[in-house]
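To start, the structure under review is shown below, and the notes come after it.
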Amino acid sequence: QVQLVESGGGSVQAGGSLRLSCKVSGYAYSYYCMGWFRQAPGKEREGVATLYVHGDDTDYVDSMKGRFTISHDKATNTLYLQMNSLNPEDTAVYYCAADRTSRPRATCTIGRADFGSWGQGTQVTVSS
């Protein structure tokens with residue numbers, strides 16, 4: 001059974017930084033695509049970034065390019081999201097996701113990836 005456990009959320013002032021972690025169960029290379037999503041109050045869930053495990057190719061939502069960085073530690077099978085220059089609009093519950101379905105790297109993008117496993121979410125609150 002796949003398990004994903006997020007941590008690292010919290011409260012920060014505008015302009016600050018946070019690093020989210022997501023410990024994924026099992027062997028890193030048994031996964032193909034991982035990603036971060038978020039859901040703000042009253043809004044639909046939206047993609048943040050994806051990472052193709054077999055090559056570390058990444059994809060970001062345009063509004064987060066240059067501020068957020070997704071990365072993956074193969075040794076511990078932990079997915080990270082480094083978030084800098086945070087603003088109140090980044091306030092949301094952040095979720096990590098992973099999938100073991102074999103796929104080409106071109107399908108591990110914000111607009112095309114689908115995921116079979118999700119974490120429980122971690123709250124990020126940015127105050128002005």
Least distance between heavy atoms, A49 atom then I110 atom: N-CD1, 3.5 Å
Any side-chain heavy-atom pair of S17 and M83 under 4.5 Å: no
Aromatic Y80 / basic R19 pairing, under 6.0 angstrom, 45° off normal: yes
Backbone of G121 reached by a side-chain donor or acceptor of E6 within 3.5 Å: yes
Non-hydrogen atoms of A28 and V53 that approach each other most closely: O-CG1, 3.7 Å
Student check: side-chain heavy atoms of L20 and V124 closer than 4.5 Å: yes
Reported CG-to-OG1 distance for the pair L86 and T91, which is rounded to 0.5 angstrom: 8.5 Å
Heavy-atom side-chain proximity of N77 to H72 below 4.5 angstrom: yes
Side-chain donor/acceptor of T125 to backbone N/O of S11, under 3.5 Å: no
Sidechain-backbone polar pair: Y52 side chain, R103 backbone, donor-acceptor under 3.5 Å: yes
Reported CG-to-OG1 distance for the pair N84 and T69, which is rounded to 0.5 angstrom: 6.5 Å
Nearest heavy-atom neighbours spanning S117 and L4: CB-CD1, 3.5 Å
Student check: side-chain heavy atoms of V93 and T122 closer than 4.5 Å: no
L81 and Y94, any side-chain heavy atoms less than 4.5 Å apart: yes
Within 45° cone and under 6.0 Å: R45 NZ/CZ vs F37 ring: yes
Y29 and H54 aromatic centres sub-6.0 Å: yes
Minimum heavy-atom distance P88-S128, with the two atoms named: CG-CB, 3.9 Å
From V61, I70, T50, L51, residue fulfilling side chain to side chain contact (heavy atoms under 4.5 Å, CB included) relative to W36: I70
Heavy-atom check, side chain of V24 versus side chain of Y31, under 4.5 Å: yes
Shared hydrophobic cluster for Y60 and L79 (ILVMFWY, side-chain gaps under 4.5 Å): yes
E46 vs Q39 side-chain heavy atoms within contact, under 4.5 Å: no
Value rounded to 0.5 Å, distance of SG in C96 from CD in Q120: 7.5 Å
Inter-residue atom distance M34.CE - C22.SG, 0.5 Å rounding: 7.5 Å
Sub-4.5 Å side-chain heavy-atom contact between R100 and Y32: no
side-chain contact (heavy atoms from CB on, under 4.5 Å) evaluation trace for V48 with F68: CA-CA 8 Å; V48 174; F68 291 6; 3.6 Å; yes
Salt-bridge present (R105, D56; N to O < 4.0 Å): no
N87 side chain to A14 backbone, donor-acceptor under 3.5 Å: no
D90/R38 ion pair, N-O < 4.0 Å: yes
Donor-acceptor contact below 3.5 Å, side chain D99 vs main chain C33: no
